[in-house]
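Here is the structure we will look at, set down as structure tokens.
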There are 2 protein chains.
Amino acid sequence: MRVSAKADYAVRAVAELAASPDGPVKGERLADSQDIPLQFLEHILLDLKHSGIVRARRGAKGGYWLAKPAEDVSIADVIRAVEGPIAHVQSAPPESITYTGSARELQNVWIAVRASLRDVLESTSLADLVSGNLPDNVQRLADDKDAWEPR
Amino acid sequence: MRVSAKADYAVRAVAELAASPDGPVKGERLADSQDIPLQFLEHILLDLKHSGIVRARRGAKGGYWLAKPAEDVSIADVIRAVEGPIAHVQSAPPESITYTGSARELQNVWIAVRASLRDVLESTSLADLVSGNLPDNVQRLADDKDAWEPR
DNA sequence: TATTTCGCGATCAAATCGGTCAGCAGAATC
DNA sequence: GATTCTGCTGACCGATTTGATCGCGAAATA
């Protein structure tokens with residue numbers, strides 16, 4: 001249940017793209033501004049390109065840009081592009097698992113876990129992220145003082 | 001953002017313990033009833049013992065039992081015992097990370113992610129799990145038809 | 001044509017994952 | 001006290017993942 005460097009980098013990179021609306025942004029500039037190893041970032045951007053989130057052009061004046069309006073790209077989209085499906089259990093989607101005995105209800109718990117993650121990650125678009133205007137449900141969660149407590 | 005085999009096994013094992021209220025349950029019986037490799041399970045049970053969730057006795061008539069009432073053990077407790085902190089980003093707790101530039105708001109998103117996971121995993125106790133009586137917020141999430149859709 | 005920049009596979013060290021093995025340490029039984 | 005049962009624990013293992021670097025090819029521009 002952790003967020004990988006790859007996912008973190010990916011979101012930061014596309015956030016930077018969402019904030020640079022006009023024209024291609026070079027990989028190097030993304031790497032610099034978000035302090036991400038350039039060559040690692042290029043692989044990530046390739047993943048993002050393959051899943052249709054960014055587009056790219058080579059050569060001088062080349063770079064990366066969002067393939068869609070920032071409002072139409074959710075953080076969930078970005079994470080799935082680089083990490084694969086969210087909240088799989090033992091590499092299988094929770095809806096495909098059946099438990100027996102005392103763990104019979106566990107499937108519902110994993111489904112709820114996935115749903116709650118989706119509630120946050122799918123409702124937040126890149127536009128929300130860069131504007132600082134997070135969706136109400138997300139902002140409410142982040143405003144809870146208890147949410148900032150380590151455990 | 002996935003649930004490891006270890007975490008899945010751990011929850012299933014303690015669910016089995018929660019449903020066997022009287023006396024120690026042998027590792028072998030837990031392994032059999034939940035179809036978990038015995039020797040792997042023993043390591044997991046050791047983790048659970050070290051974090052005070054389970055107690056054990058050796059020898060004939062030995063086995064494992066819950067150290068606390070099933071109502072007082074959350075699924076979050078179990079996952080933390082075997083996987084460590086929930087929703088860390090790049091191995092660091094989200095409250096300790098500061099982002100710059102267009103990603104400045106990202107910290108709030110990760111905090112919200114952790115909070116939403118906690119809402120599910122900390123509110124659900126082992127007693128809830130084995131009784132099938134999940135907390136309202138969890139049951140609501142699991143009842144949403146959309147939550148069962150793969151993506 | 002030269003330069004710039006992305007595309008992409010190969011490779012790499014380290015960590016993690018899922019799991020097995022073997023031997024030791026208590027607890028009960030005979 | 002000896003034996004048996006069962007948990008305790010560290011070592012180990014192969015495969016995969018993680019986080020990253022290298023090198024070269026292929027476009028795009030100047």
Side-chain angles (χ1 to χ4, degrees), chain A residues 1-14 17 23-32 34-67 79 81-85 88-92, chain B residues 1-14 17 23-32 34-67 79 81-85 88-92:
Chain A
M1 311 281 284
R2 52 188 290 281
V3 180
S4 67
K6 207 170 171 183
D8 188 52
Y9 289 162
V11 175
R12 285 154 62 188
V14 293
L17 288 183
V25 182
K26 292 196 220 312
E28 197 179 0
R29 220 182 93 199
L30 295 173
D32 283 353
Q34 285 296 324
D35 199 37
I36 301 169
L38 173 58
Q39 308 193 100
F40 191 32
L41 177 60
E42 283 177 340
H43 282 277
I44 292 168
L45 287 163
L46 201 54
D47 284 343
L48 293 168
K49 193 191 156 196
H50 287 154
S51 43
I53 291 175
V54 309
R55 301 187 62 185
R57 191 190 309 139
R58 310 192 231 204
K61 297 270 175 181
Y64 302 88
W65 64 96
L66 287 183
I79 293 180
V82 299
E83 278 198 338
H88 271 210
V89 180
Q90 297 213 44
S91 306
Chain B
M1 313 280 285
R2 48 190 293 282
V3 179
S4 67
K6 209 169 168 183
D8 188 52
Y9 289 162
V11 176
R12 285 155 61 189
V14 292
L17 288 183
V25 182
K26 291 196 219 310
E28 197 179 1
R29 219 182 94 197
L30 295 174
D32 282 353
Q34 285 295 325
D35 200 35
I36 301 170
L38 172 59
Q39 308 194 99
F40 191 32
L41 177 60
E42 283 177 340
H43 282 278
I44 293 168
L45 287 163
L46 200 54
D47 283 342
L48 293 169
K49 193 192 155 194
H50 287 154
S51 42
I53 291 174
V54 147
R55 301 187 63 185
R57 191 189 311 139
R58 311 192 230 203
K61 297 270 175 182
Y64 303 88
W65 64 96
L66 288 183
I79 293 180
V82 298
E83 279 198 339
H88 271 210
V89 180
Q90 297 214 47
S91 306

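A note on names: the letters A, B, ... follow the listed sequences, proteins ahead of strands, and every chain is numbered from 1.
Residue A:Asp8 comes nearest to A:Val3 through the heavy atom pair N-CG1, 4.3 Å, listed as atom of the first residue, atom of the second, then distance. When all heavy atoms of B:Trp65 and B:Pro24 are compared, the pair lying nearest together is CE3-CB, 3.8 Å.
Looking only at side-chain heavy atoms (C-beta outward), B:Leu41 and B:Gln34 stay at 4.5 Å or farther from each other. Taking the side chain as every heavy atom from C-beta outward, B:Glu42 and B:Leu46 never approach each other to under 4.5 Å. Side-chain contact between B:Leu17 and B:Leu30: present, with at least one pair of heavy atoms (C-beta onward) separated by less than 4.5 Å.
Set against C:dT5, D:dG19, D:dT21, the side chain of A:Ala5 has D:dG19 as its closest nucleotide.
Rounded to a whole Å, the CG atom of A:Leu38 is 13 Å from the C1' atom of C:dG7. Separating the CG atom of B:Asp47 from the P atom of C:dC17 is a distance of 12 Å, rounded to the nearest angstrom. Atom NZ of B:Lys6 is separated from atom P of C:dT16 by 11 Å (rounded to the nearest Å). Rounded to whole Å, the distance from CH2 on A:Trp65 to C1' on C:dC6 is 11 Å. Atom CD in B:Gln90 sits about 19 Å away from atom P in D:dT17, given to the nearest Å. Nucleotide C:dT3 holds its P atom 16 Å from the NZ atom of A:Lys26, rounded to whole Å. In this structure, B:Arg2 places its CZ atom 13 Å from P of D:dT16, rounding to the nearest Å. Taking atom CG of residue A:Leu48 and atom P of nucleotide C:dC8, one finds them 13 Å apart after rounding to whole Å.
Distances shorter than 4.0 Å separate none of the side-chain N or O atoms of A:Tyr9 from OP1 or OP2 on D:dT18. Residue A:Lys61 places none of its side-chain N or O atoms closer than 4.0 Å to OP1 or OP2 of C:dT5.
The distance from atom CE of A:Met1 to atom CE of B:Met1, rounded to the nearest 0.5 Å, is 7.0 Å.
Side-chain atoms of B:His43 come within donor-acceptor range of the base of C:dT20, with a qualifying N/O pair under 3.5 Å.
At a threshold of 4.0 angstrom between heavy atoms, the contacts of B:Arg29 with the nucleic acid are absent.
Where A:Gln39 and A:Glu83 each meet DNA chain D at their nearest nucleotide, the meeting point lying more 5' is that of A:Glu83.
Between the side chain of A:Glu83 and the backbone N or O of A:Ser4, at least one donor-acceptor pair lies under 3.5 Å.
A heavy atom lying under 4.0 Å from DNA chain C marks the following residues of residues 51-60 of chain A, by number: A:Ala56, A:Arg57, A:Arg58, A:Gly59, A:Ala60.
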